[in-house]
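Just below is one structure, and these are the notes that go with it.
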Amino acid sequence: MPSHDDGSAIDQVMMAKALKLAARGRYTCMPNPAVGCVITKDDLVVGEGWHQVAGQNHAEVNALKEAGSKASGANAYVTLEPCSHHGRTPPCADALITAGISRVVYGMTDPNPQVAGQGLNKLKQAGVEVGGPILEAEAQKLNRGFVKRQKQGLPWVTVKLAMSLDGRTAMGSGESQWITGAAARQDVQRLRARSCAVVTGIGTVLHDDPSLTIRADELGLESREEAEAVAIRQPLRVVVDSQLKTPADAKVLCSGGGTLLVTAVESSDRQDTEIICLPDSCHLGNGSQVDLSALLKMLAKKECNKVLVEAGAELAGAFVHAGLVDELVVYMAPKLLGSSARPLLSLPFDRMDQQVVLDIQDIRQVGDDVRITAKPVVNKR
């Protein structure tokens, strides 16, 4: 493992700038990590870049193009260790060496155990000074889905929920539009846009008929090009449909972009979308249930870094109960729906020692509503 290097004040400032650049690609560069690069000479910025779209130039190449001849003898600040292998693009470590960069400061090493450290070693062998990691925690947080997929073979799972102040998600009849306000719903658009896949259940499809698409005009993007890229890159929509009841005219199947029905039914004559049968996790009531752990492993193999679960109490509760959730994002509206309204999660607990302990990471107001971000505390259920 490389030794830690907190760096100088200028290193901290430039890496923070590179991280801000990297964040501009968080909606469009998937399944690749979001990466930013800043090139400086005599402490002045001469080139900037970020990874915009998978298969196109990486952040280092974009920054080197802007720097031109000024890159020779310059410093490069890169949020992720420069790649050393040929993928869809040539190695960035080679590009930095060829351009005459004299020092590379990195935010974090590549989490892929097969390549971690190789880019840094290539730079050092070429006589380039290497410093870092700098702002490592921030760099890892920006790409936590990519990191988890590389290290664990699983995506980062976020469960999104909306509730009233008394913890209810819909009236007893199922009526739920709208609990939260426009600002919260716009914030959910940003959650979707940062996700590789959006998972919902057959109950939500049958009752609400959602499209689960991204509306790029609600993301507050800085350029028309970014909005166009987001509109093209819709997340994979995944319907957990154990008995294959999704109607052929459901919006989730007809809204453009890829949709996957995940079922426990062995065979089907349907041709309207991709169908995958996963093994059973249990037997409840009238039929087999989709193995949610197998579902997440399958999505990781499809290069999904982050998965957003937008589902009803049953499926959302099943993810929580199975210990498969990395964070909960709960939008709480200043309303009371009453004791006969539907609960937030279906969790079959009857003892205090079954409780799920949460670590609240953030609380903030979004319009008239409050957004709470919390992580389940491992091994404290």
Side-chain angles (χ1 to χ4, degrees), residues 1-30 32-53 57-67 70-71 73-83 92-93 95-96 99 101-111 116-117 119-120 123 128-148 150 156 187 190-191 193-194 219-223 226 305-306 327 361-364 373 375:
M1 291 293 292
S3 61
H4 282 251
D5 176 6
D6 292 335
S8 65
I10 190 68
D11 287 346
Q12 298 269 340
V13 169
M14 292 303 170
M15 187 59 71
K17 188 175 184 67
L19 285 166
K20 188 174 181 180
L21 285 168
R24 294 187 64 177
R26 66 194 183 279
Y27 297 139
T28 56
C29 71
M30 293 170 276
N32 291 351
V35 182
C37 179
V38 174
I39 297 175
T40 68
K41 202 162 191 177
D42 299 324
D43 293 341
L44 296 176
V45 175
V46 296
E48 296 181 347
W50 70 95
H51 184 36
Q52 299 174 20
V53 179
N57 289 339
H58 287 190
E60 297 94 319
V61 173
N62 288 328
L64 288 170
K65 282 187 175 181
E66 186 173 289
K70 295 178 182 178
N75 294 337
Y77 296 87
V78 190
T79 58
L80 179 70
E81 172 189 357
C83 59
C92 292
L96 294 166
I101 292 291
S102 64
R103 179 172 180 254
V104 171
V105 180
Y106 67 98
M108 60 176 283
T109 56
D110 192 318
L120 301 179
L123 292 168
V128 178
E129 181 185 350
V130 174
I134 301 288
L135 301 183
E136 184 179 30
E138 291 85 344
Q140 290 178 341
K141 183 177 180 180
L142 180 66
N143 285 305
R144 57 193 180 184
F146 180 77
V147 171
K148 187 181 177 187
Q150 291 296 329
W156 180 274
D187 199 58
R190 289 188 279 271
L191 276 179
R194 291 195 293 270
L219 301 179
L221 299 172
E222 296 187 28
S223 69
E226 287 178 274
N305 296 328
K306 299 180 75 173
E327 69 175 357
Q361 305 286 298
D362 182 76
I363 300 177
R364 66 185 60 202
T373 303
K375 295 178 66 175

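Since this is a predicted model, take the numbers as computed values, not measurements. In what follows, every heavy atom counts, from backbone to side chain, and hydrogens, waters and symmetry copies are set aside.
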Could you give me the CA-CA distance, side-chain angles and deciding distance for Gln12 and Leu135, then say whether side-chain contact (heavy atoms from CB on, under 4.5 Å) is met? CA-CA 7 Å; Gln12 298 269 340; Leu135 301 183; 3.2 Å; yes
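- Residues satisfying the side chain to side chain contact (heavy atoms under 4.5 Å, CB included) test with Val46, not counting sequence neighbours, are Ile39, Lys41, Ala67, Lys70.
- You'll find the side chain of Leu96 reaches within 4.5 Å of the side chain of Leu64, heavy atoms only.
- With sequence neighbours left out, the side-chain hydrogen bond (donor to acceptor under 3.5 Å, both in side chains) criterion links Gln150 to Asn112.
- Every side-chain hydrogen bond (donor to acceptor under 3.5 Å, both in side chains) that Gln361 has, sequence neighbours left out, goes to Asp359.
- For Asn75, the side chain to side chain contact (heavy atoms under 4.5 Å, CB included) criterion is met by Thr40, Tyr77, Ser102, Arg103, not counting sequence neighbours.
- Separating the CE atom in Met15 from the OH atom in Tyr106 is a distance of 9.5 Å, to the nearest 0.5 Å.
- For Glu66, the side chain to side chain contact (heavy atoms under 4.5 Å, CB included) test picks out Glu48, with sequence neighbours left out.
- The shortest side-chain heavy-atom distance between Met14 and Val105 does not fall under the 4.5 Å cut-off.
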Can Arg190 and Tyr27 be said to form a side-chain contact (heavy atoms from CB on, under 4.5 Å), step by step? CA-CA 8 Å; Arg190 289 188 279 271; Tyr27 297 139; 3.4 Å; yes
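- Taking all atoms of both residues into account, the shortest heavy-atom contact from Ala22 to Gly36 is CB-N, 3.2 Å.
- Residues forming a salt bridge (Lys or Arg N to Asp or Glu O under 4.0 Å) with Asp362 (at least two apart in sequence, or on another chain): Arg364, Arg371.
- Looking at Pro33 and Val147, their side chains never come closer than 4.5 Å, going by heavy atoms from C-beta outward.
- Side-chain contact between Val35 and Val78 is present, with heavy atoms from C-beta onward closer than 4.5 Å.
- Counting heavy atoms from C-beta outward, His51 and Leu80 have side chains that stay 4.5 Å or more apart.
- Evaluation of the salt bridge (Lys or Arg N to Asp or Glu O under 4.0 Å) rule for Arg144 yields Glu327 as partners, not counting sequence neighbours.
- Applying the side-chain hydrogen bond (donor to acceptor under 3.5 Å, both in side chains) test to Asn305 and every residue at least two apart in sequence or in another chain returns Arg149.
- Side-chain contact check for Pro133 versus Thr109: every heavy-atom pair is 4.5 Å or farther apart.
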